[in-house]
Amino acid sequence: MIALGSDQAGYNLKQEIIKYLDEKGLEYKDYGSFSEDPVDYPVYGKKVAHAVADGECEKGILICGTGIGISIAANKVKGIRAAQCHDCFSAEATRLHNDANIVAMGARVVGPGLAVKIVDTFLNTEFSGAERHARRIAMLEDE
């Protein structure tokens, strides 16, 4: 199951991602927002992050205007590794090296076609499992 979340700036791009997930037959849960009415992005970033951290969902997709604020909000939740990605290379690398469990994008930065490619790359790339990457991920969890 994939967790989805956006603020009002990301709402329309989230709808495009939903079309892609539906076409691929992938299960998801939309945590909002559910319109273009103004909302606070931290609410939705944290809802998705908690769903992933608690194991309700395997991965998450977050969208705000830039992808920055909503990824910062998600990364406040223990166990979350949210990566802002605006290209496919970054989406692949963050899965391979960081085992990122949430991808964040900016609706004012990427268009629908690229966003779908980024999501596809993120969802279909597995963590490399390399010892050096696992060691570094463990270091991220240390306080």
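Computed over heavy atoms, backbone and side chain alike; hydrogens, waters and symmetry mates excluded.
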For the pair Arg81 (side chain) and Ile102 (backbone), establish whether a donor and an acceptor sit closer than 3.5 Å, ignoring hydrogens and angles.
no
Is it possible for you to say whether Ile18 and Val119 belong to one hydrophobic cluster, with membership spreading through side-chain heavy-atom contacts below 4.5 Å?
yes
Do Leu26 and Ile17 belong together in a cluster built from hydrophobic side chains that touch within less than 4.5 Å?
yes
Report the distance from atom CE of Met105 to atom OG of Ser6, rounding to the nearest 0.5 Å.
10.5 Å
Has Tyr41 got more than 12 heavy atoms of other residues, nucleotides or ligands less than 6.0 Å from its OH?
no
Quick one, Leu62 and Ser71 - any side-chain contact, counting heavy atoms below 4.5 Å?
no
How long is the straight-line distance from CG of Asn12 back to CD1 of Ile63, given to the nearest 0.5 Å?
10.0 Å
Please collect all salt bridge (charged side-chain N to carboxylate O under 4.0 Å, His left out) contacts where either partner lies in residues 107-136, sequence neighbours excluded, each pair once.
Glu131-Arg135
Give the minimum heavy-atom separation between Ala73 and Pro42, together with the two atoms involved.
CB-CA, 3.7 Å
Go through the steps to decide whether Val48 and Leu4 satisfy the test side chain to side chain contact (heavy atoms under 4.5 Å, CB included), and finish with yes or no.
CA-CA 6 Å; Val48 167; Leu4 294 169; 5.7 Å; no
d(Glu23 CD, Tyr20 OH) to nearest 0.5 Å is 9.5 Å
Could you tell me if the side chain of Thr121 sits less than 4.5 Å from the side chain of Val103, heavy atoms only?
no
How long is the span from the CD atom in Glu36 to the CG atom in Asp7, to the nearest 0.5 Å?
11.0 Å
Considering residues, nucleotides and ligands other than Phe89, do more than 12 of their heavy atoms fall under 6.0 Å from its CZ?
no
Identify the two heavy atoms, one from His50 and one from Val77, that lie closest to each other, and give their separation to 0.1 Å.
NE2-CG2, 3.7 Å
How many angstroms lie between CZ in Phe122 and CZ in Arg95, if you round to the nearest 0.5 Å?
5.5 Å
Considering all heavy atoms, the nearest Ala49-Ala74 contact:
CB-O, 3.6 Å
Partners passing salt bridge (charged side-chain N to carboxylate O under 4.0 Å, His left out) against Asp30 (at least two apart in sequence or in another chain):
Lys14
Determine whether Tyr11 and Val39 fall in the same hydrophobic cluster, where Ile, Leu, Val, Met, Phe, Trp and Tyr are linked whenever their side-chain heavy atoms lie under 4.5 Å apart.
no
Do the side chains of Leu114 and Leu13 join up, straight or via other hydrophobic residues, at under 4.5 Å, putting them in one cluster?
yes
Would you say the side-chain atoms of Glu16 pair up with the backbone N or O of Gly111, donor to acceptor, closer than 3.5 Å?
no
Roughly how far, to the nearest 0.5 Å, is CD1 of Ile80 from CG of Asn101?
4.0 Å
Is there a side-chain contact between Leu123 and Leu21, using heavy atoms and a 4.5 Å cut-off?
yes
Mind checking whether His133 and Phe127 have parallel, tilted or perpendicular rings, split at 30° and 60°?
perpendicular
Linking I/L/V/M/F/W/Y whenever their side-chain heavy atoms sit closer than 4.5 Å, directly or via other members, would Ile70 and Ile68 fall into one cluster?
no
I need the minimum non-hydrogen distance between Cys88 and Ile118, along with the two atoms involved.
SG-N, 4.0 Å
Qualifying side-chain hydrogen bond (donor to acceptor under 3.5 Å, both in side chains) pairs with a residue from residues 52-65, counting only residues at least two apart or across chains:
Lys29-Glu56, Tyr31-Glu56
Quick check: does any side chain N or O of Asp40 sit under 3.5 Å from a backbone N or O of Val43, one acting as donor and the other as acceptor?
no
In short, Ile137 meets His97 closest at the heavy-atom pair CD1-O, 3.9 Å
